[in-house]
Amino acid sequence: MAYKRHIDRLPIIPADAKKHNVTCHYCIVGCGYHAYTWPVNKQGGTDAAANAFSVNLAEQQPADTEAWYAPSMYNVVKQNGKDVHLVIKPDHACVVNSGLGSVRGARMAENRRSDKTGTQQQRLTEPMVWRYGTWQPTSWNDALDLVARVTARVIDKDDENDLFVSMFDHGGSAGGYENTWGTGKLYFGSMKVKNCRIHNRPAYNSEVHSTRDMGVDELNYAYEDYTKTDTIMLVGTNPLECQTNLFLNHMVPGIRNGAKVIIVDPRRTVTANACEVEAGAENVLHLAIKTGTDLALFNTLFTYIADQGWVDKDFIAASTLGGDVAVPQDEAHPAALGSFEMARAKCNMSLAEGASITGLAEADIVKAAEWIAKPKEDGSRRKCATGYEKGIIWGNDNYRVIGALVNIGLATGNIGREGGGVCRLGGHQEGYFRPSDSHVGRPAPYIDQLIIAGHGKVHHIWANDHYKTTLNATEFKREYNRRTNMVKDAMDAHAGATREELVEAIVGAINAGGLFSVNVDIIHSQIGQAAHVILPAVESGEMNLTSMNGERRLRLVEKYMDGPGNAKPDCLIAAGLAQNLERVLREDGREAYADQFKGYDWTTEEDAFMDGYHSGNPEVTYDRLRAMGNNGVQEPVVGFENGQLVGTKRLYTDGKFTRHGREDGKALFCGGEWRGMQAPGKAYQRDNFAFLINNGRANVIWQNWFLDKANDFVSDRFPIPYIEINPEDMAELGVKAGDLVEVFNDVGATQALVYPTPTARRKETFMVFGAPNGAQGNIVNAGTNELILPNYKHTWANIRKISDAPASAADLSFKSMEYSAG
Amino acid sequence: MDRCTKLVDVGRRQFLRGGALAAAATATSVALPAAPARAQVALARLDYPSNRLGNVADLKPNEPFDVTYPDENAPGVLLKLGTSVEGGAGPDGDIVGFSTICPHKGFPLNYVAADRTLNCPGHYSRFDCEAGGQQIWGQATQNLPQYALRVDEKGDIYAEGVDELLYGRLSNVL
């Protein structure tokens, strides 16, 4: 039977409950919520005067009411050490979501740690050190001293290359401007760490180098542009599941206003179905290309649109660079950049050739070109808003394919104008403010492969779980376990030793090839099983936290509850680590180096915010952001007038493009010709294994399941990740719905439950990524593009049955996920 | 007391857009509550009325039978699925009852007989009537509230409880 909470009533929010501004800390959309808290021994009443909504709650409330909350929006938590009721419910006045809650955000309250209701007991509450053969709780001083002493042994003023760092760069969650600054100041300010990576990729690099090199920031529009456009183009993205309320609250109204929809995706998603429901199938063009051929499609569209003369000549003349090649192709630029004509020559591809490579009908490519760019009957230009995401970011030939898509936007004058934009839809929110990373270099070091090859001696990890979310994960885990176990062995062999003796033992082990692993996270993660020191962090809402969403909307989440136990904001953990390093280095007599670790005398996250983000954006303070509420202000903030921060609705409205840093303000086109399956080893897998293992997110699960694996509602629905397989393929494999299958290839193996999917093309499966008990990354090979951008999407493998459905999956629904009107 | 008309109206607008028939929202036969519902504050669980919703003879296989429970403002449906399911009532173990208000935003659900699901025209959520109302896909953060049913020797079907909070009320019994 499906999981039921058997909760048939909830405490009523009293009229005098405390109300906090909250931006959902999961996906990039950043829906507005309010957190209400009130003392545990109080409650509101059904009389209008006795509740926060001023309505009679003894009556049934209508659809879309503000005066209701689900059991998932309720919990009992600590606030200033006291138990309080907590309700986190969507904000109807927030322009981002207009009161909508997604299946992820509307579980924020339930996914808070509570000693009273027992939720999220997996949250870390105190530092732990590997001692007596397992992890033992200890104080911050003890844990940070050990980290500092071991770290100080492998770094020096002129050589910090033995310290490897994996650190998040995102907003929301436990990221945000406060925490990226705390970690950034430590590793890029006090130190110049070169061997580092980001939470979802094996190097410290941009996911979208080419658009930036072309002068176009990847978040350049406003969400309202989807409601003011003629065509919505969605590339390698599934916004109904991954940016839910962007789709429901902005794209759907745009479609109802008459916008046509082009979807580029080898897979039919629920987004495609919903677009057809809203627009009618005749107004939705699903270009189900052969996987990885996006570049050929975009170059063909670009060529066709240019040949038809459907380009914005004035815009090209005024806002893009003339001449020929401005930036030649080289090690740091996988394609040449320059003028429109240069790109036209390089990218030239006929309809016949494009159709042949992509597997599409020529007529459909023509139709897409018309929907994007063919002038209307009165001669006016069409508007087209384009959203793209991991289908091409984690796809084939990242640099060129994103460049080719931006080419179309530039050529048609669709960037910097109402109803336009060529933008990432995004994963997390953003919240990046750090010292320059230029010392890292480009291409950046491929950290995972360096670790596999035995490099690095100390590894600091900030909310990264490579074991679930990296590529080549089978080999990475095997080698990481081996190297960190060498250090655990050394520590075990020195039980009872003094601190000095223990540090010597650890250093001995790492000099013999071991790796000392320090894990900062909110839970004991999978890679955290290899850690020697574990440091507990807090999340958004357990601290004040600022982030921006996919239209650059900056908001402050107000702290509404205590963090678990002794957990701290990452920025303050980084400060503590810096202070301990300074102390240890001074004790060591390394005074000049110790001086580099000054400047961390922060006592709150607001101190870190002022030291970092505020220093570059002097108009922005916590008080001013608090006053801007859940609608916040769109970055960049350009002033403060009449008590309000003044922001920027969309970028480049003046036709000047600046993201590349060029003083002329001219955008560049990308001249990247099609070159097949670019990353090493991909063509081999394609030719030697039966099934494409496409992969990505599922609606109900946030990110790598880090909280959701302990959420009863989610784990009841998907106790194990699923893999969508065409029923005819299932018959050939001899598997049925819910069977547990092994997915294996030349680099590893993983597991999933069979989800029959008639809309899946033969031999093309889709598997949920990042699962704790079936990491898809196990079977992704190590191949990346020239700038170390991984290609998770292009993985081929064979499939075999492991067993009938496990008990946890025996009663699950395996019906189609597509809405039906009946 | 009338049904909550605003709630139905929102659903109708959506249904018209989607071209669907509002199976669950257009009640053809509504059994009156046998006992007045009343709020309880002193019990760990609410005291639910035991209401006769219909008789086994009223149900045709795979055709939704509109009901309300625990009061007239809470629309729901009885279904005779034709095959026994866990939690199913009646001689064949195949009778189930669900709320037909989507627990996401309160839109009326429509029944799709072809795959025995309840579907929300508001935000495309789907619930499986053969799997305890499990949300197959959607934006609700709970599975569909299901009735605890009892069938007596005369074939009368009684609802005697609900296993999740109903949308639009902070107490299932108002």
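No experiment lies behind these values; they were computed from the predicted model shown. Letters A, B, ... mirror the listed sequences (proteins, then strands); counts begin at 1.
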Interchain contact, [X] with chain B, by part (heavy-atom threshold 4.5 Å):
{"X": "A:Tyr755", "answer": "side chain"}
{"X": "A:Ala70", "answer": "both"}
{"X": "A:Glu110", "answer": "neither"}
{"X": "A:Phe713", "answer": "side chain"}
{"X": "A:Val252", "answer": "side chain"}

Would you say [X] and [Y] make side-chain contact, with heavy atoms under 4.5 Å?
{"X": "A:Phe814", "Y": "B:Ile136", "answer": "no"}
{"X": "A:Asp8", "Y": "B:Val162", "answer": "no"}
{"X": "A:Ser816", "Y": "B:Trp137", "answer": "no"}
{"X": "A:Arg9", "Y": "B:Asn172", "answer": "no"}
{"X": "B:Leu170", "Y": "A:Thr46", "answer": "no"}
{"X": "A:Arg717", "Y": "B:Gln135", "answer": "no"}
{"X": "B:Gln139", "Y": "A:Asn699", "answer": "yes"}
{"X": "B:Glu130", "Y": "A:Ser813", "answer": "no"}

Checking side-chain contact (heavy atoms from CB on, under 4.5 Å) for the pair B:Arg45/A:His6: CA distance, chi angles, key distance, verdict?
CA-CA 9 Å; B:Arg45 294 265 298 161; A:His6 292 280; 3.9 Å; yes
Listed by number, the residues in residues 239-248 of chain A that come under 4.5 Å of chain B (heavy atom to heavy atom) are A:Leu240, A:Glu241, A:Thr244, A:Phe247, A:Leu248
Taking atom types as modelled and ignoring hydrogens, do the side chains of B:Tyr124 and A:Asn273 form a donor-acceptor contact shorter than 3.5 angstrom?
no
State whether the side chain of [X] and the backbone N or O of [Y] hold a donor-acceptor pair below 3.5 Å, judged by distance alone.
{"X": "B:Asn119", "Y": "A:Ser820", "value": "yes"}
{"X": "B:Lys105", "Y": "A:Gly99", "value": "yes"}
{"X": "B:Asn143", "Y": "A:Tyr3", "value": "yes"}

For chain B, which candidate among A:Ala67, A:Gly101, A:Pro90, A:Gly105 shows the most heavy-atom pairs at distances under 4.5 Å?
A:Gly101
Heavy-atom pairs under 4.5 Å with chain B are the metric here; pick the option from A:Asn711, A:Leu100, A:Val714 that has the most.
A:Leu100
Check ion pair A:Glu59-B:Arg169 (N to O, under 4.0 angstrom):
no
Taking 4.0 angstrom as the limit, do A:Lys815 and B:Asp128 come out as a salt bridge?
yes
Testing the basics here: between [X] and [Y], what is the closest heavy-atom pair and its distance to 0.1 Å?
{"X": "B:Thr141", "Y": "A:Ala106", "answer": "CG2-CB, 3.6 Å"}
{"X": "A:Ala2", "Y": "B:Ala131", "answer": "CB-O, 3.4 Å"}
{"X": "A:Pro71", "Y": "B:Gln142", "answer": "CD-OE1, 3.2 Å"}

Report the option among B:Val85, B:Thr117, B:Leu144 that has the most heavy-atom pairs separated by less than 4.5 Å from atoms of chain A.
B:Leu144
Counting heavy-atom pairs under 4.5 Å to chain A, which of B:Leu165, B:Val112, B:Asp163 comes out on top?
B:Asp163
Find the distance between SG (B:Cys120) and OH (A:Tyr819) and round it off to the nearest 0.5 Å.
7.5 Å
